[in-house]
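Throughout, protein chains are lettered first and strands after them, A, B, ... in sequence-line order, and every chain is numbered starting at 1.
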Amino acid sequence: MNKLKLHNTLGNKLEEFIPINIKNIRVYACGPTVYNYAHIGNARMAVVNDLLVCFLRTIYPKVTYVSNITDIDDKIIAASEEKNIPIKELTKKFTDIYNEDMSVLGVSLPDIQPKATDHINEMIELTKLLIQNNFAYEKEGHVLFDVPKFKDYGSLSGRNRDEQIIGSRVEVAPYKKDPTDFVLWKPSPAPKPGWESPWGFGRPGWHLECSAMSEKTLGLPFDIHSGGADLIFPHHENEIAQTCAAHNNTHDLKSFAKYWFHNGFVNVEGEKMSKSVGNIRLVNELNKEFKGEVLRLTLLSAHYRQPLNWTRNIIKQNSTMLERFYRNLKDLENIDAYKDNDQIDDVVIEGLYDDLNTPKVIAELNVLSNQLSSADNKMKSRIKYNLLEVGKIIGILQNNPDTWLGYGKSAILDETTIERLIKERNEARGNKNFDLADQIRDELKEKGVEIEDTKNGTIWKSV
RNA sequence: GGCUCGGUGGCAGAGUGGUUAUGUAGGGGCCUGCAAAGCCUUGCACAGCGGUUCGAUUCCGCUCCGAGCCUCCA
């Protein structure tokens with residue numbers, strides 16, 4: 001029996017996943033700040049977590065997946081002012097675009113997608129608790145978390161407070177008692193948006209929302225808390241401090257979430273993706289050029305914790321691979337997907353159990369694909385079963401092969417015309433008039449129709 | 001400066017103390033009138049230097065190089 005192992009950032013090692021409550025696995029992923037189009041890095045987080053949740057669902061009867069939308073934040077305020085669009089309108093627009101773009105990549109909506117602005121009260125209550133427990137203090141309209149009081153601060157990211165102060169490159173705000181203290185609540189002078197609170201009109205600090213929303217939607221403790229690797233510090237470190245301190249569980253960091261799951265970064269053509277370099281790859285743009293399934297497979301072509309270097313070349317390679325799988329499925333269209341024990345081959349599925357090793361899984365699918373040429377019908381049936389069932393988990397190969405490959409569909413020519421031309425060409429071939437035959441083929445190619453002569457006759461597809 | 005994580009064949013990317021990763025690209029061949037697809041076949045690897053070992057790409061140490069975080073960031 002396979003056991004799921006996941007890398008836990010809290011402890012920094014591979015651990016067997018043991019659910020808190022086997023009847024309901026609870027997962028929280030830090031979602032996007034919605035002030036712009038999502039880029040391929042956002043997509044990696046969404047796809048990896050979608051895979052995690054989808055795989056968990058094959059093991060456990062119920063999984064509750066929560067991923068938030070951050071809809072109040074300095075960058076949003078700045079974007080709203082710059083574009084002169086009300087914040088609500090801006091965040092609604094980019095939330096919708098985010099969900100749409102992700103769905104093209106085969107990412108399902110989370111079960112709950114809470115918004116920060118719907119949880120201001122919870123954040124205020126949490127802040128009150130922290131003040132009450134003497135882990136937070138108010139100064140100049142700010143409420144700050146008193147980091148030195150939290151002994152285990154830094155455990156997640158593996159750094160200690162002193163080193164951090166020495167290495168710090170930022171000026172310390174005058175209202176902070178300690179350089180590492182962070183904001184829970186801050187003043188928000190009009191026209192900036194804000195809410196009434198015991199500490200005056202203001203808005204929450206960034207880290208507070210995820211502490212509030214995860215507790216509200218999932219209860220404490222929950223199983224897995226995830227996000228991009230850059231969130232380890234300070235965001236997740238601060239979340240742990242807030243939640244544990246608010247509940248006086250400062251000696252048990254796992255009283256918040258048991259497993260911390262982080263995906264690696266996406267680089268672009270070997271460089272960090274950043275606005276200054278101008279190499280941000282937006283999902284919205286990529287979706288216009290490539291099939292979502294190709295992008296998804298490309299995102300899963302490296303292990304989720306490894307950096308992924310996003311280049312045109314790897315998209316092309318994965319596209320070719322995916323097309324081959326679909327050709328396999330096309331060749332297998334008259335074979336039923338079936339396997340005696342109704343189980344995915346162990347050698348194939350074990351990669352997923354081993355910290356979601358998708359490159360291993362994909363490699364094993366290729367091994368199966370290579371066996372097709374010499375397979376009998378029983379074997380073919382098994383291979384088809386594996387392709388489809390594993391594809392279901394990792395989010396590929398669920399389309400109709402004909403549709404995916406473009407067989408029998410053309411945007412330019414109508415079917416009758418194509419069939420007539422193919423017939424004329426085959427007549428020409430029969431008469432050994434190959435010049436005419438090739439001429440017809442070229443003509444079709446020009447109109448985006450490619451033909452293949454198979455032993456069952458000529459078939460055509462759009463390219 | 002501190003804390004992480006890496007350096008595998010043209011490219012991408014797993015893994016392992018001794019045996020083929022896998023894909024893609026390239027070479028050769030088969031099939032085809034020719035294509036396309038398919039099939040067969042074939043190069044090319046484990047940054048460097050030490051150590052442990054019968055044996056290391058895999059473990060340990062050092063060196064070099066790269067990336068991320070420490071400030072908003074997926």
Side-chain angles (χ1 to χ4, degrees), chain A residues 9 12 29-33 35-36 38-49 70 73-75 78 154 157-160 162-171 180 206 226-235 237 262-267 270-275 280 297-298 301-303 305-325 327-328 330-331 351 354 357-370 372-374 405 428-430 432-435 437-438 441-442 445 450-455 458-461 463:
Chain A
T9 310
N12 200 19
C30 282
T33 303
Y35 65 103
N36 202 342
H39 54 65
I40 195 69
N42 297 305
R44 188 180 195 191
M45 171 265 156
V47 166
V48 165
N49 279 280
T70 296
D73 156 280
D74 291 359
K75 292 191 296 298
S157 53
R159 53 190 93 206
N160 73 52
D162 298 338
E163 283 163 354
Q164 215 190 293
I165 294 165
I166 293 162
S168 180
R169 289 188 244 123
V170 277
E171 237 173 272
T180 57
W206 170 41
S226 63
D230 56 320
L231 296 184
I232 296 170
F233 190 92
H235 186 55
E237 197 76 72
H262 294 99
N263 63 274
F265 257 51
V266 178
N267 296 318
E271 278 189 290
K272 180 176 175 169
M273 184 164 56
S274 72
K275 269 185 195 157
I280 306 266
L297 182 62
T298 304
S301 68
H303 182 88
R305 284 193 287 116
Q306 293 301 123
L308 177 64
N309 188 21
W310 191 260
T311 62
R312 289 194 78 84
N313 192 31
I314 63 162
I315 304 172
K316 189 168 155 273
Q317 289 183 6
N318 282 285
S319 175
T320 306
M321 191 201 296
L322 198 51
E323 182 162 328
R324 192 165 81 108
F325 284 141
R327 278 185 191 280
N328 292 156
K330 165 92 178 145
D331 292 343
D354 186 16
N357 190 342
T358 48
K360 173 74 161 63
V361 173
I362 294 163
E364 292 302 335
L365 291 182
N366 277 301
V367 171
L368 288 179
S369 167
N370 291 337
L372 273 174
S373 57
S374 58
L405 294 167
R429 289 170 72 210
K432 300 226 185 294
N433 187 351
F434 296 122
D435 285 346
D438 290 350
R441 182 169 63 197
D442 292 345
K445 180 96 189 247
E450 208 166 77
I451 56 183
E452 297 173 24
D453 296 321
T454 74
K455 58 179 184 289
T458 303
I459 56 175
W460 61 275
K461 63 172 184 164
V463 286

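- Nucleotides B:G23 and B:G18, compared at atom P, are 22 Å apart to the nearest Å.
- The same atom, P, is picked in B:G2 and in B:G15; the two are 30 Å apart, to the nearest Å.
- Going from the P atom of B:G28 to that of B:U20 covers 26 Å, rounded to whole Å.
- The interatomic distance linking A:Asn309 (CG) with B:A14 (P) rounds to 12 Å, in whole Å.
- Between the side chain of A:Asp435 and the base of B:C34, no donor-acceptor pair under 3.5 Å is found.
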Side-chain donor/acceptor pairs under 3.5 Å, residues 358-365 of chain A, sequence neighbours excluded:
from, atom 1, to, atom 2, distance (Å)
A:Thr358, OG1, A:Leu300, O, 2.7
A:Lys360, NZ, A:Glu364, OE2, 3.2

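- Looking at every heavy atom in both residues, A:Asn357 comes nearest to A:His303 through CA-ND1, 3.8 Å.
- The interatomic distance linking A:Lys316 (NZ) with B:U24 (P) rounds to 11 Å, in whole Å.
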At a cut-off of 3.5 Å, list every protein nitrogen or oxygen paired with a nitrogen or oxygen from nucleotides 57-59 of chain B, distance to 0.1 Å.
none

Using Watson-Crick and G-U wobble pairs with both distances under 3.5 Å, what is the 5'-to-3' dot-bracket string of RNA chain B, with [ ] for crossing pairs and | for pairs outside the strand?
(((((((..(((.....[...))).(((((.......)))))....(((((..]....))))))))))))....

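- Relative to the side chain of A:Met45, the nucleotides B:A36, B:G23, B:A74 differ in distance, and B:A74 lies closest.
- Put simply, the side chain of A:Arg441 and the base of B:C34 share a donor and an acceptor less than 3.5 Å apart.
- Nucleotides B:C40 and B:C31 are separated by 11 Å at their C1' atoms, to the nearest Å.
- Rounded to the nearest Å, the gap between the C1' atom of B:G61 and that of B:C11 is 33 Å.
- The pair A:Glu323-A:Lys461 counts as a salt bridge, with a side-chain nitrogen and a carboxylate oxygen less than 4.0 angstrom apart.
- Glycosidic torsion of B:G18 falls outside 90° of 0, placing the base in anti.
- Between the C1' atoms of B:U16 and B:U8, the separation comes to 12 Å (whole Å).
- Scanning both residues, A:Ala428 and A:Ala437, for their nearest heavy atoms gives CB-N, 4.0 Å.
- Taking only side-chain nitrogens and oxygens, A:Ser373 comes nearer than 4.0 Å to OP1 or OP2 of B:C40.
- Distance check on atom P: B:C69 versus B:A74 gives 12 Å, rounded to whole Å.
- Under 4.0 Å is where a charged nitrogen must lie from a carboxylate oxygen, and between A:Asp438 and A:Arg441 at least one such pair does.
- Nearest approach of A:Pro307 to A:Asn267, heavy atoms of both residues: CB-ND2, 4.2 Å.
- B:U41 and B:A47: their P atoms are spaced 30 Å apart (whole Å).
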